[in-house]
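The next block holds one structure in the form of structure tokens; read it before the comments.
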Amino acid sequence: MTRGECREIIVRCIKEIVGNDDLPSQIEDDYNLIKAGVVDSLKFVKLVLLIEDKCGIKLELEKLSNEEFGTVRGFIMLLAKGIE
Amino acid sequence: MKNLVQLGDSSCCWQKVLNDPVTEMKKTINWSAVYSWDPKYSSGEGVACYEKCDGYCCTPFFGDELKLINAEPVLPMLESEYEYLLSIGGLAGVTDNVKSEVYEPVEGAEVRVYYAKCSCRGLCSPHEFRPFICQVYPFFPLIDAEGEIEGFEIASLLDMFHKNENPCYLAEKKSIKVQERVRKHLQPLIRGNPEMIFLLRAVRTITEFMKRALKETVEIRNTKNRRKFLSSFERKVFMREPWRNEEFLKRIASEYMNAFNE
Ligand code: SF4
Ligand code: SF4
């Protein structure tokens, strides 16, 4: 899977959990869902589980730095790594 | 299992699946009796305990070092407690800032928990209306399955991990006196009360699984150690990691069935 394909899956999952209304029209890689306040703990867990479920991998969130945690970039990195 | 949020085969936690037919948990706690004591603590040295610790338990002590979870105290309450508080007029800065989640410990049973973010910084008023978790702080009673108090545990997920010194003066210096007082007041209200037994057994289970999941301790005066600890701690709590497993769900289900004789 290419980086672009990983990104596409992540963004689709984010939209499914958060809903379009609360998201910016253009979701950048450094968009942080937690800082932006669009996910709380429960929604974040649901998002992680949804990505894992769709892709059949386990996201190793502990590998992310504090800066990457909660960002689109962080998810893409983990997904790309998980399916290597 | 049906009592999980389900996304394909992945289980989330004991959050209920919306729209299932459910029965609310029986409300058996007499909150008026629980709240009917003088819960103000003195340090025993002529000053209120908060003067010994700068109000550690009521303020956003770790400030912006916490990135994922609230730095302000978040106070969990069963629905029955929240309703009681509202019925006596509510508590400004607490009952007006709540979120709730619904859990399904066993199929068909619903437990709603309110989480109140407190912005009072120690000045909640009237102070006797402060939530149960604040009334028993810094300890909560560890009870056996029949409701007998066996001991005490630190009443905050984070404070369980202090390596040397807990910033709470009462926890450090007055633990026996505080625990005796809590025991005397609460034991008669716990024994034989299913909702209270479930509440305290569930809290016991939640803390036990938290301790299993986090093997670090914190020295709060050591900046480097503190930051590292807070980062691990808040990720585990935010991700609900200690409680997203079958063993935890089974334990909670069995506590529920035991408390309500189901
Ligand atoms: S209960 Fe403990 S932390 Fe809270 S104000 Fe009193 S001494 Fe401080
Ligand atoms: S409700 Fe009162 S006692 Fe409880 S955290 Fe808030 S200020 Fe402190």
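Keep in mind it's a predicted model, so treat the numbers as computed, not measured. Throughout, protein chains are lettered first and strands after them, A, B, ... in sequence-line order, and every chain is numbered starting at 1.
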Would you say that more than 12 heavy atoms from the other residues, nucleotides or ligands in this model lie under 6.0 Å from the NZ of B:Lys224, or not?
no

One should read off an interatomic distance between A:Asp40 CG and B:Leu68 CG, to the nearest 0.5 angstrom, of 12.0 Å

B:Arg121, CZ atom: more than 12 neighbouring heavy atoms under 6.0 Å
no

Check: B:Phe238 and A:Ile34 side chains under 4.5 Å, non-hydrogen atoms
yes

Interatomic distance, NZ@B:Lys236 vs CG@A:Leu61, rounded to 0.5 Å, equals 11.0 Å

A:Leu42 and B:Arg240, any side-chain heavy atoms less than 4.5 Å apart
yes

Working to the nearest 0.5 angstrom, can you tell me the gap between B:Glu101 CD and A:Ser41 OG?
7.0 Å

Around atom CG of B:Asp54, are there more than 12 heavy atoms of other residues, nucleotides or ligands at under 6.0 Å?
no

Any side-chain heavy atom of B:Met239 sitting closer than 4.5 Å to one from A:Phe69?
yes

